[in-house]
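Computed from a predicted model, the values in this text were never measured in an experiment. Proteins come first, then strands; the chains are lettered A, B, ... in the order of their sequence lines, and each starts at number 1.
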Amino acid sequence: MEFNFNEIDKQIKDFWQQREVYKVSNDSAKPKAYVLDMFPYPSGAGLHVGHPLGYVASDIFARYKKMKGFNVLHPMGFDAFGLPAEQYALETGQHPAVTTEKNIARYKQQLDNIGFCYDWSREVRTSDPQYYKWTQWIFLQLFKSWFNRKTQKAEPLTTLIASFEQTGNRDIPAPGNEHFSFSAEEWKNYSEQEQRTILMQYRLAYLDHAEVWWCEALGTVLANDEVVNGVSERGGHPVEKKKMRQWFLRITEFADRLIDSLDKLDWSDAMKEMQKNWIGKSEGAEILFYLTPSPSPAERETSGEVGVKTANSVFTQTFNEEVEQPKYYTTNRQTWHDHLPKAKAMRHQPTEAERIMWQELRGKKLGVKFRRQHPVRYFIPDFVCLQNGLIVEIDGGYHNNPEQQEKDAVRTKILSEAGYTIIRFSNDEVIKNITDVLNRIRKTIEDLNGRSDTTHSDVARPDILPRGEERRGVIEVFTTRPDTIFGVDFMVLAPEHELVSAITTASQKAEVEQYVAYVKSRSERERMAEKKISGCFTGAYVQHPFSGKKIPVWISEYVLAGYGTGAIMAVPSGDERDHAFAKYFNIPITNIFGEKYSGEAAVSDNNVRIENSDFLSGLAVTEAAEKVMGLLEYNEIGHRKINYKLRDAGFSRQRYWGEPFPIVYQNDIPYALDEAAVNLPEALQQLPLELPHVDQYKPGPEGEGPLANIDNWVYVKNNDGETLKRETNTMPGYAGSSWYFLRYMDPGNETEFADKKATDYWKQVDLYIGGTEHAVGHLLYSRMWTKALHDLGYLSFDEPFKRLLNQGMIQGSSRLVYRIPGTQKFVSSGILKNYPVVDKIHVDIHIVNGVELDIKAFKKIKNGEYANAEFILDDGGKYICGVETEKMSKSKYNVVNPDDIVAQYGADTFRMYEMFLGPIDISKPWDTKGIEGVHRFLKKFWRLFYNDNQELNAKESWLVTAEKATEAELKILHKTIKKIEGDTEKFSFNTAVSQFMIAVNELSDLKCHKQEILDPLVRLITPYAPHIAEHLWQALGGYTSSVTQAPFPVCEEKYLIENRKVYPVAINGKARTNMAFSLDAAQDFIEATVLKDDVVQKWLDGKAPKKIIFVKGKMINIVV
RNA sequence: GCCCUGGUGGUGGAAUUGGUAGACACGCAGGACUUAAAAUCCUGUGAGCAGCAAUGUUCGUGCGGGUUCAAGUCCCGCCUGGGGCACCA
């Protein structure tokens, strides 16, 4: 009987379906295993051969675990919201729900063709209202929660509000707005609107502003993907960045936990590395640099610290130009605001010495007005007389230690540079001899009054900073190398930094604006990848906190607004990009590395000593950094800071086909539908908030999504008759995919996203298989959602995927034709070198035979766009296409449909061939050649059971006997069981397939048709080739159960024991001969025997061996 | 640019993790069966050199160095393919 795979596939599928062998129960005495695939987006192109690679792997593993006695959850579903369906709707008018439904039906059929063991009763679809009801619900949990940094957990907002009412936010700074503080009293006095604005700064799902690509011509917001070479992909229209109000998830608060709990996970190091790098934790310091008037011509000439005019005419400013002087206060407004509460607190708890001193100074007792604990610059000195710039400080006894003195020296220096005079007294002096102290203060006041030119420029106390006003007068930078602070030669702000327009001088204005406009058209990636250096001087200067040097402030696209503070201190001698920038713009470079710095390249080595750096000279990098950070903190001009590359996740899309937000706005303040404050009718509070039907998918006004066009949906009336506005954005693709693995556990639940009992039973996904293209995005978001749900008490675990296996991508092998630009002439790839400039055009692989183009078919495609094409053929008279390996996608016309392969070779061949292609985690192009080998193997396997002569019927051709198996046969079987089990456990599926081939080859050679061998062999191959296995299993025993429920065979070591080993014998590491020895032979005996060997003798050539290396069970090496 | 990952015969890949490089397949060549084809089976197949041959011998895992008795595997420096870089999923 012939191996008729098509018939077998069909029969076996029916057999499984009738018996519901894949139905999974949440109630079982067996141990559980959860094996999950990343669910697909059902695209219009259908499933291609790349998708099943991971699915086959997980299916094999799931089946294997089942046979090993586990209750296995192995579900499948669809990530059904997304941009392509909406694009398609825009083009054709077909509703995304309709096309999605159609695509899903096709996907399911394609998946079933391959024989996966999914329990379809657990299918989920993210676009199903019964599913996204819970996506919306989880969103609201995030909206109503905050991250408590003390407990490192998400908590309901109620705990935050309780804390505000008790102590204000002094101990709980708002993420990203740490300077903003209020008291309990103030909190209670805020209006509801103000309170909600504050709460928004804490919510895990919050509103903020962010830039999106905006295309005026299309009237829509575009995805990065839709912007190609700086213009829209559709139509090639210009695009620019536009700020819009968007939802965000505060994933940054979870950054540390996302890093730390990676240790608990069984993921590849590469994957963990990628996640860590994405989160990008780096330790360093934030440092304040105060703006200062530009240096005088004299300062410029003598210091030589400022660049001169270059070819790029960046220093076009003339030296005598009047630069607008910043207005000086004792400190800038921000610092004042930051310090005032602290100063007040200090006033209330004076030390004994301070109390005595204040009694003597207050009320102009010395003739001048003193203030106590009054912020000046970065400090809060004890007593200040603003009239003549005198500061009186009282030090504790600890100021005698050298470290403290050094810190104070810096403080004194900064204040002196600002024009203040500082006198210090110790506690003892004040307490024991206040008269003497006061005399000295009087004397100093007299001296100062006698001085005609009081140089300190502070005039008055500043107003308290209004809430929300940005920091002015100071540039804050983040650096990971505070040790290099004396090497700072210039500052660079991101062009979109909020201070840029404020600090730019009149003469630089035009140039800066031009540069900012240029950058606005550039994507972040372009900016990072750009090798060409560009930038622009703002005309502004800041003052170095330690040296007082005046430092020019530039802007450049290599500094990104979103990272750190959006500003850097540039140290050309220590940073490659800063170095290139300084060289390009001719900015003088300060060398702080001595001989290590050649003048040609920045010193990237961290194992150096800092030189030419005042109090840091001679220190190693880490010592210097510590010292600087200590000084910065003590003097309040900066602080240690841990910075993350990770940004909060943008969570809105100006699109139609996604989950609507269960949010309404009242007076522009967002509320959850069910919040009492907005008083919506009961019916409007219910989830799901269904996506309304639309007939048009055109974007709404002002870049809003299509939902904004539906007035009768957007505007709702509450019970008080007020009109509220709905959120018109929808959620992004990753919303639904961030928690779908939970829904599979309890897919039909109407009252919860999943029953706690179900999540407690299935817990984490034991094995998650998917492509590396999701390495960061999806996995990071899922991890965050799981953590949040765990913290809020809904889950007992806080990591979703215990073990992760990344399948490599199956790439397409694209075919290209080359057109001479502006013509209809196509050049064969063989003679391409004669035509240096050509357009590359993808052609459908189905009209290419190997690499030869079917010219007739080509002329017919695209409605005859190429009907008149001419071809410049190569010598063989053929048109040979170019070949490129790239992602398999519809747009590249390189998609191979698994259905075709299954029809031609059967599902089992397809499954095993995908596995045989190579290691699961390696990317490889799809290539059908070689599939014959796997198919032949299955036929050969079949012939162990049946004579495949077509004329014989099943009974006549049956070969299996009840004969007793030989030692040799048992050895083949058990070695195969061992290898398959080991390979399956470690996902080495390609070598497992090859072991099956070896076993079948060997058994065929032995003409083995014995049930004793073949019965376990059939069970062994079941996970890999379930259809043929089921058929043979039924034929073998007429079993009533399915082989998929049979036990996996067990390897018996007793058949595998070897007592001899053929050793390779090497001379100087090169194998020269083989010699067999018993495994328990003594080393002496082996060495002696080996040396007698003819071949060894020949290579020894009479010389005595220097050394003999014998590794038991491995090899023998003789060193001559 | 940054992060991750790969590079081994004509091709896909294997190599117990430092111990005989090329398992298992594809392809190709030769042969058997057949009127023929398909299917199946057998033999050979990294390259060079020597030899009628058995065989011997040198080279060989992207490139250049290094460590080691021994390197595809470890270290340093390059070249190069692929994936990701936050609105494709």
Side-chain angles (χ1 to χ4, degrees), chain A residues 2 38-41 43 79 81-84 87 210 212-213 221-227 246 268-271 273-278 280 524-531 558 562 577 645-655 732-734 737 771-778 780 806 808-809 811 885-887 889 913 916-919 921-925 927-934 936-937 939-940 943 948 950 982 988 990-991 993-998 1001 1004 1062-1074 1106-1109 1111 1113-1120:
Chain A
E2 228 188 352
M38 289 183 186
F39 63 168
Y41 173 79
S43 84
D79 189 10
F81 274 134
L83 204 47
Q87 293 286 24
V212 291
W213 284 115
V221 170
L222 297 175
N224 280 340
D225 248 33
E226 298 173 299
V227 178
Q246 314 257 15
S268 71
D269 290 341
M271 195 55 49
E273 195 69 25
M274 266 193 263
Q275 291 238 328
K276 276 186 198 160
N277 291 336
W278 182 264
E524 214 166 87
R525 205 178 310 172
E526 277 174 322
R527 286 169 59 171
M528 287 187 289
E530 182 61 70
K531 281 186 185 157
Y558 81 96
R577 283 173 312 176
K645 268 201 205 104
L646 182 70
R647 305 204 285 260
D648 279 340
F651 199 68
S652 15
R653 304 289 181 262
Q654 292 69 41
R655 308 283 180 184
Y734 66 81
S737 62
T772 40
E773 67 270 27
H774 301 283
V776 278
H778 160 62
L780 217 49
N806 283 110
M809 187 173 286
Q811 291 148 335
T885 298
E886 52 196 353
K887 247 182 163 170
S889 95
Y913 181 58
F916 192 59
L917 271 175
D921 54 341
I922 299 297
S923 294
K924 52 233 154 190
D927 194 339
T928 314
K929 78 183 177 207
I931 197 167
E932 287 288 348
V934 175
R936 257 174 233 160
F937 152 74
K939 282 196 281 190
K940 195 166 182 177
R943 287 199 302 272
D948 68 349
Q950 301 177 40
S988 182
N990 57 328
T991 54
V993 173
S994 96
Q995 180 59 38
F996 279 123
M997 290 172 170
I998 292 167
N1001 286 345
S1004 298
V1062 178
Y1063 284 91
V1065 179
I1067 317 292
N1068 289 336
K1070 278 203 183 303
R1072 296 298 177 184
T1073 185
N1074 291 318
K1106 262 192 205 152
K1107 196 172 168 187
I1108 300 177
I1109 290 147
V1111 184
K1114 297 252 184 196
M1115 48 74 67
I1116 300 158
N1117 188 18
I1118 299 161
V1119 187
V1120 183

Would you say [N] has OP1 or OP2 under 4.0 Å from some side-chain N or O of [X]?
| X | N | result |
| --- | --- | --- |
| A:Lys939 | B:U40 | yes |
| A:Asn806 | B:U5 | no |
| A:Arg936 | B:A39 | no |
| A:Asn990 | B:A14 | yes |

May I ask you to say what [X] touches in the nucleic acid, namely base, sugar-phosphate or nothing, with a heavy-atom cut-off under 4.0 Å?
| X | answer |
| --- | --- |
| A:Asn1117 | base |
| A:Val212 | base |
| A:Arg577 | nothing |
| A:Gln654 | base |
| A:His774 | base |

Can you find a donor-acceptor N/O pair under 3.5 angstrom joining the side chain of A:Gln995 to the base of B:C24?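 No such pair is found, so the answer is no.
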Report yes or no: is there a donor-acceptor pair, N or O only, under 3.5 Å between the side chain of A:Asn277 and the base of B:C3?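 Such a pair does not exist between side chain and base.
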What distance, rounded to whole Å, do you find between the two [atom1] atoms, one in [N] and one in [M]?
| N | M | atom1 | answer |
| --- | --- | --- | --- |
| B:A23 | B:G44 | P | 12 Å |
| B:C24 | B:U34 | C1' | 30 Å |
| B:C4 | B:U20 | C1' | 34 Å |
| B:U8 | B:A47 | C1' | 14 Å |
| B:G22 | B:G72 | P | 12 Å |
| B:G19 | B:C74 | P | 11 Å |
| B:U68 | B:G51 | P | 40 Å |
| B:G62 | B:U58 | P | 22 Å |

Check the distance between [N]'s [atom2] and [X]'s [atom1] and give it to me in whole angstrom.
| X | N | atom1 | atom2 | value |
| --- | --- | --- | --- | --- |
| A:Lys924 | B:C26 | NZ | C1' | 16 Å |
| A:Asp948 | B:C33 | CG | P | 20 Å |
| A:Ile1109 | B:U20 | CD1 | C1' | 16 Å |

Would you indicate which nucleotide in [options] comes nearest to any side-chain atom of [X]?
| X | options | answer |
| --- | --- | --- |
| A:Pro919 | B:U17, B:C24, B:G13 | B:G13 |
| A:Asn1074 | B:G12, B:C87, B:U20 | B:U20 |
| A:Thr772 | B:U20, B:G6, B:G83 | B:G83 |
| A:Lys1114 | B:C59, B:C4, B:G19 | B:G19 |
| A:Lys1107 | B:C69, B:A89, B:C4 | B:C69 |
| A:Met997 | B:A25, B:A89, B:C69 | B:A25 |
| A:Arg943 | B:U20, B:C41, B:C88 | B:C41 |
| A:Leu83 | B:C88, B:U20, B:U17 | B:C88 |
| A:Phe916 | B:C85, B:A25, B:C3 | B:A25 |
| A:Ala223 | B:C88, B:C24, B:G84 | B:C88 |

Could you walk me through whether A:Arg1072 and A:Ile1118 pass side-chain contact (heavy atoms from CB on, under 4.5 Å), step by step? CA-CA 10 Å; A:Arg1072 296 298 177 184; A:Ile1118 299 161; over 6 Å; no
First locate atom [atom1] of [X], then atom [atom2] of [Y], and finally report the distance between them rounded to the nearest 0.5 Å.
| X | Y | atom1 | atom2 | value |
| --- | --- | --- | --- | --- |
| A:Met38 | A:Asn806 | CE | CG | 6.0 Å |
| A:Met997 | A:Phe916 | CE | CZ | 4.0 Å |
| A:Asn1117 | A:Ile1067 | CG | CD1 | 7.5 Å |

Need to verify one output field. Residue with the more 5' nearest nucleotide on RNA chain B, A:Asp927 or A:Ile931?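 This one resolves to A:Asp927.
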Residue whose closest nucleotide on RNA chain B lies nearer the 5' end, A:Arg653 versus A:Ser994: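 Closer to the 5' end of RNA chain B: A:Ser994.
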Could you please name the partner base of B:G19, counting Watson-Crick and G-U wobble pairs only when both distances are under 3.5 Å?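 B:G19 is paired, partner B:C69.
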